[in-house]
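Order of listing sets the numbers, starting from 1, for every ligand and every atom in it. For clarity, every value in this text was computed on a predicted model and none was experimentally measured.
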Amino acid sequence: MNTPVKQHLIDPEICIRCYTCEMTCPLNAIEHDDNNVVVNADLCNFCMDCVPVCPTGSIDEWRVVATPYSLAEQYEMEELPGQQDIEAAPTSAGEAADDPVAALLAEAHKGAGGKARAPVSAGKPVVNMYTLGKPAKMSVQGNYRLTDDPDHDVRHIILDPGALPFPVLEGQSVGIIPPGEDADGKPHLPRLYSVSSPRDGERPGYKNISLTVKREDGGLASNYLCDLAQGDAVNVTGPFGATFLMPNASDARMLLICTGTGSAPMRAFTMQRQRAAASGGMTMFFGARTPNSLPYFGPLKKVPESLLKQHLVFSRLEDADKEYVQDRIIAEQDEVAEMLSDAKTHIYICGLRGMEDGVEKAMTSIAESMGEQWTALRDAMREDGRYHVETY
Ligand code: A2P
């Protein structure tokens, strides 16, 4: 038999096809087709460069295998295979080795800090229904500007899948394929956007989906989306993502931390909880430059506090010091500590990657004040499907 080896795989159910891993891998060991993103076992040297850049944790999968899964096999996978039962290869002396498989497995399970999990009561998401080769053609129902700040164009874009089934849960993402070709003459890869509407549609029962898109200077997909007119056709892949999902349990409590367009899934959560008349409250820390650049500032003012307690935090007000979400979390530490101590609390963090560090520090300090260690608390919450991060 072959000597067992550790193999790096990507979970096709959780991967959101953002291709960041592929762009990051220094060995070009990661590639994709219309269906999956895969790792070439002949090239991967476990450098781990791809692990921290993955927004979902789908990249952090390892198996000990007698024969590595080929690229063709990985392209066909709809879900990850389980760990095979592998016996230790005999040594040259014909005796059992000193359990090299156990050592490999232990090493294989040394991930980047725990697996992302969906909440126990979350709905079962549908993933990868529409691919690069077979996208869903949707039509634009509306494209509305959300921000008054002239230098900060954020749009609410509503897409209608028409008769096509396109089931999404709050927290999932879709891929938008910009028209045209790249410099190599290949079709553009899809760009990922979180859905900001709830499961039964932007308009209840209509199953239309909305996106929250910020126009980026020189951004191919964001400019394409922000310039769309009603009736235009858009090619959409997905849905993607199986962990950044909300609990269906009515009494679950949610702590939402976001910046800018990271508010998209938070809007979806809020609308779904309102429609479902959920009893557990939500508390949100939402960071933006100014009220004029905060997406959904107007509509948020109408959301009752019993549904969503809001801490809107601004970094560029003329008459106030710069404030980030992590500063306000510290300022409201009693409220946050009370939520952390409740096993019904779920945490969702979405937005700028830079925020993660600051939020970690704030949480570390709050946990200390509770006599707890944040890393242990966080890992236990993640293991329990109650801690979710999606940053970019
Ligand atoms: P600033 O850019 O003023 O430093 P938007 O995407 O709409 O610009 O909003 C992002 C918000 O997040 C801004 O208020 C931005 O502040 C803030 N921000 C930038 N870096 C961080 C960080 N490391 N931690 C928390 N918030 C941040």
Side-chain angles (χ1 to χ4, degrees), residues 18 20 52-53 55 143-157 171 173 176 191-196 210-227 244 255-270 283-301 303 308 310-333 335-336 347-367 374 378 387-392:
C18 65
T20 313
V53 297
N143 177 349
Y144 309 100
R145 186 163 174 148
L146 292 168
T147 48
D148 292 336
D149 181 342
D151 302 324
H152 198 79
D153 185 4
V154 182
R155 302 273 169 161
H156 182 67
I157 296 166
S173 303
I176 299 293
R191 307 305 203 263
L192 259 287
Y193 291 89
S194 273
V195 172
S196 53
S210 61
L211 309 177
T212 311
V213 181
K214 176 168 136 188
R215 191 188 290 278
E216 304 281 358
D217 267 353
L220 176 75
S222 72
N223 280 286
Y224 162 64
L225 282 166
C226 289
D227 290 336
F244 198 95
L255 178 58
L256 313 178
I257 302 168
C258 62
T259 57
T261 51
S263 56
M266 313 311 188
R267 177 182 186 267
F269 294 156
T270 306
T283 295
M284 179 167 73
F285 291 85
F286 184 174
R289 300 171 189 189
T290 63
N292 279 347
S293 72
L294 185 137
Y296 308 108
F297 185 69
L300 269 173
K301 281 196 273 187
V303 177
L308 179 73
Q310 300 171 39
H311 298 283
L312 305 184
V313 181
F314 301 111
S315 59
R316 301 192 198 180
L317 289 178
E318 275 180 12
D319 52 358
D321 289 343
K322 181 184 195 92
E323 191 181 15
Y324 281 168
V325 280
Q326 54 267 37
D327 304 322
R328 185 66 71 86
I329 288 171
I330 288 285
E332 301 290 346
Q333 61 175 305
E335 185 184 359
V336 175
I347 299 180
Y348 295 83
I349 302 172
C350 188
L352 294 177
R353 187 169 288 260
M355 148 181 73
E356 259 186 72
D357 212 28
V359 170
E360 278 283 298
K361 287 195 178 110
M363 292 301 198
T364 302
S365 144
I366 295 173
W374 167 242
R378 178 200 61 202
Y387 181 79
H388 314 269
V389 181
E390 215 160 271
T391 54
Y392 37 83

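Relative orientation of the Y348 and H388 rings is parallel, given thresholds of 30° and 60° on the angle between their planes. Note: H311 and F285 have parallel aromatic rings, judged against thresholds of 30 and 60 degrees for the angle between ring planes.
Applying the side chain to side chain donor-acceptor pair (under 3.5 Å) rule to Q310 yields no partners; only residues at least two apart in sequence or on another chain are considered.
For the pair E360 and W374, the minimum side-chain heavy-atom distance is below 4.5 Å.
For a heavy-atom separation below 4.0 Å, the residues in contact with ligand 1 are H152, K214, T259, G260, G287, A288, R289, S315, R316, K322, Y324, Q326, L352, G354, M355.
With R215 as the partner, the side chain to side chain donor-acceptor pair (under 3.5 Å) test is satisfied by one option alone out of D227, T147, D151: D227.
Residues S196 and S210 bring a donor and an acceptor atom of their side chains to less than 3.5 Å of each other.
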